[in-house]
Amino acid sequence: MTPGIAGSTAAVVSRDAAEREDAGVSRDAADAAERSEAVTAALATVLDPELDRPVTELGFVRSVSIDGGHVTARLRLPTYFCAPNFAWLMVEDTRRVLAALPWATEVTVVLEDHFASDEINQGVAHGREFAEAFPLLSDPDRLDELRRTFLRKGALAAQARLGRRLTERGWTACQLAGARLHDLPDRLTTTLVRRRRALGLPADGVDPVFTDEHGHPVLAVDMEAHLRRCRTTAVGIGANTEICEGLLAARYGPASGSAAGFTATTPHDTTADTAGGAA
């Protein structure tokens, strides 16, 4: 082989190797981006039980890191003394949704800056029940019933929003009583359907939009009273949300309550954490 041919061959081999390396880097970046999106989507399903909103929207997720199959999520709450049962539910639900990701081999959830952080973090990590970690605060069935109570409130608040929207468009009590979920766009009923399914209540397209807490249809004659109850529930949730958002902003800074307050990152990305220290 002549020197010129040898040089050309070496250049081609080098270029091919560089292209393969670039392709590998691109695939790794794409995989990392997909995992980051999957983690963010999973966390968006975790609700603050009292406020009926995702922890991602409330700014309760301080940071997330992804190292291969190991996902670490760090949570923070508006005050040092937030109710431990509510905090437990959010930490437990966070661990559950992240562990359900098919590629996740290890999940670590850390609640920061809370008076019961150690008990909650260790209890959830070891699969304990709330009553085991806090025997003086709860009986074994209390936490599940508390979760269901707030899901019911969330369903009522969702009906309040739908009722206001439809009555503003001239719907009568009879029309509201006859409305079925498939009569409305999915974007308007998504929250209501999720809350009902979480409660094990009917939530198919043929099921009524307006129901009581047991899933029974609301009659036209009872619609006004039902919507008043729904609105009262929604106002209570909204007021608590404003208080918590204000407390979180005072504790961690004005930007802390933003849905963009965290980014799921890989070991090669150092832009992860939002600023914040304990009050």
Side-chain angles (χ1 to χ4, degrees), residues 35-36 38-151 198 240 244 247-248 251-252 256-257 261-267 272-279:
R35 292 189 174 191
S36 177
V39 166
T40 301
L43 290 174
T45 67
V46 178
L47 302 177
D48 177 301
E50 185 179 23
L51 307 182
D52 195 49
R53 281 180 57 191
V55 293
T56 49
E57 290 183 9
L58 293 166
F60 292 176
V61 182
R62 182 183 186 277
S63 66
V64 176
S65 62
I66 306 169
D67 188 357
H70 185 189
V71 185
T72 301
R74 309 186 78 86
L75 307 183
R76 61 189 179 187
L77 298 176
T79 75
Y80 185 71
F81 292 106
C82 283
N85 48 1
F86 295 169
W88 181 283
L89 287 173
M90 286 182 273
V91 172
E92 185 177 58
D93 288 351
T94 297
R95 181 175 181 81
R96 174 178 51 79
V97 300
L98 294 179
L101 295 171
W103 47 266
T105 57
E106 183 179 356
V107 172
T108 302
V109 182
V110 180
L111 175 63
E112 300 180 339
D113 305 338
H114 190 273
F115 81 94
S117 289
D118 290 343
E119 293 88 342
I120 293 172
N121 292 335
Q122 292 174 19
V124 171
H126 290 89
R128 299 181 188 134
E129 298 293 331
F130 178 77
E132 294 180 73
F134 298 92
L136 301 180
L137 297 180
S138 177
D139 62 68
D141 299 322
R142 179 72 178 115
L143 199 64
D144 285 341
E145 181 53 36
L146 182 69
R147 186 194 296 273
R148 292 182 65 82
T149 295
F150 284 117
L151 285 171
N240 286 336
C244 287
L247 290 170
L248 190 75
R251 192 179 193 199
Y252 293 107
S256 59
F262 80 97
T263 302
T265 63
T266 65
D273 292 356
T274 59

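Predicted model only: the values in this text are computed from it and were never measured.
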Q: Below 4.5 Å, heavy atoms only, C-beta onward: do P54 and T45 meet side chain to side chain?
A: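 No - every pair of side-chain heavy atoms lies 4.5 Å or more apart.
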Q: If you measure from CZ on F150 to CD on E145, what distance do you get to the nearest 0.5 Å?
A: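 Those atoms lie 11.0 Å apart.
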Q: Evaluate the side-chain contact (heavy atoms from CB on, under 4.5 Å) criterion for residues F60 and L43: first the C-alpha distance (whole Å), next the side-chain angles of each, then the deciding distance (0.1 Å), finally the verdict.
A: CA-CA 10 Å; F60 292 176; L43 290 174; over 6 Å; no
Q: With a 3.5 Å distance limit and no angle check, can you tell me whether R95 reaches the backbone of G127 through a side-chain donor-acceptor pair?
A: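 No; judged by distance alone, with no hydrogens or angles, the pair does not exist.
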Q: Give, for atom CD of E92 and atom CG of L143, the distance between the pair rounded to the nearest 0.5 Å.
A: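 Spacing of CD (E92) from CG (L143) equals 7.0 Å.
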Q: So that I can tick it off, tell me whether R147 and D93 are bridged by a salt bridge, with the cut-off set at under 4.0 angstrom between side-chain N and carboxylate O.
A: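 Yes, this pair counts.
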Q: If you look at every heavy atom in H114 and A87, which pair is closest and at what distance?
A: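 The answer is NE2-CB, 4.2 Å.
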Q: Under the 3.5 angstrom rule, does the side chain of R251 hit a backbone N or O of L77 as a donor-acceptor pair?
A: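 It does hold such a pair.
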Q: Whether the side chain of R35 engages the backbone of G68 through a donor-acceptor N/O pair (distance < 3.5 Å, no angle test) should be reported.
A: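 Pair found, side chain donor or acceptor close to backbone of G68.
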Q: Show your working on side-chain contact (heavy atoms from CB on, under 4.5 Å) between I66 and W103 and close with a plain yes or no.
A: CA-CA 11 Å; I66 306 169; W103 47 266; 4.0 Å; yes
Q: Which heavy atom of V55 sits nearest to which heavy atom of L47, and what is that distance?
A: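 Shortest heavy-atom separation between V55 and L47 comes out as CG1-C, 4.3 Å.
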Q: Taking the side chain as C-beta and beyond, is there a heavy-atom pair between L58 and L248 under 4.5 Å?
A: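 The answer is no, as the side chains (C-beta and beyond) never meet within the 4.5 Å cut-off.
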Q: Do the side chains of V124 and V109 get nearer than 4.5 Å, heavy atoms only?
A: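 SC-SC contact between V109 and V124 ruled out.
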Q: CG/D48 to CD/E57 distance, rounded to the nearest 0.5 angstrom?
A: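 Answer for the CG-CD pair, D48 versus E57, is 11.5 Å.
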Q: Please give me the minimum heavy-atom distance between V39 and L101, naming the atom from each residue.
A: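 Closest approach of V39 to L101: CG2-CD1, 3.8 Å.
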Q: Do you know the tightest heavy-atom contact between E50 and F86?
A: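 What the structure gives for the nearest pair is OE1-CE1, 3.4 Å.
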Q: Please report the shortest heavy-atom distance between C82 and F115, naming the atom on each side.
A: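 Scanning both residues, the minimum pair turns out to be O-CE2, 3.9 Å.
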Q: Answer whether the closest heavy-atom distance between the side chains of I120 and W88 falls below 4.5 Å.
A: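 A side-chain contact under 4.5 Å exists here.
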Q: Determine whether L75 and V110 make a side-chain contact, defined as any pair of heavy atoms from C-beta on separated by less than 4.5 Å.
A: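 They are not in contact (no side-chain heavy atoms under 4.5 Å apart), so the answer is no.
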Q: If we only count heavy atoms from C-beta on, is the L51 to C244 side-chain gap below 4.5 Å?
A: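 A side-chain contact exists here, since the closest heavy-atom pair is under 4.5 Å.
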Q: Is any side-chain heavy atom of P78 closer than 4.5 Å to a side-chain heavy atom of Y252?
A: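 Result no, sub-4.5 Å side-chain heavy-atom pair not found.
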Q: Just do the side-chain contact (heavy atoms from CB on, under 4.5 Å) check on N85 and R142 with the steps written out, would you?
A: CA-CA 10 Å; N85 48 1; R142 179 72 178 115; over 6 Å; no
Q: Taking the side chain as every heavy atom from C-beta outward, state whether T56 and V46 have any pair of such atoms under 4.5 Å apart.
A: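 No. Closest side-chain heavy atoms not under 4.5 Å.
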Q: What's the separation between atom CD in E112 and atom CZ in R74, rounded to the nearest 0.5 Å?
A: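 Here the interatomic distance stands at 4.5 Å.
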Q: Which pair of non-hydrogen atoms, one from M90 and one from P49, has the smallest distance, and what is that distance?
A: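 Looking at all heavy atoms of both residues, the closest pair is CG-CD, 3.9 Å.
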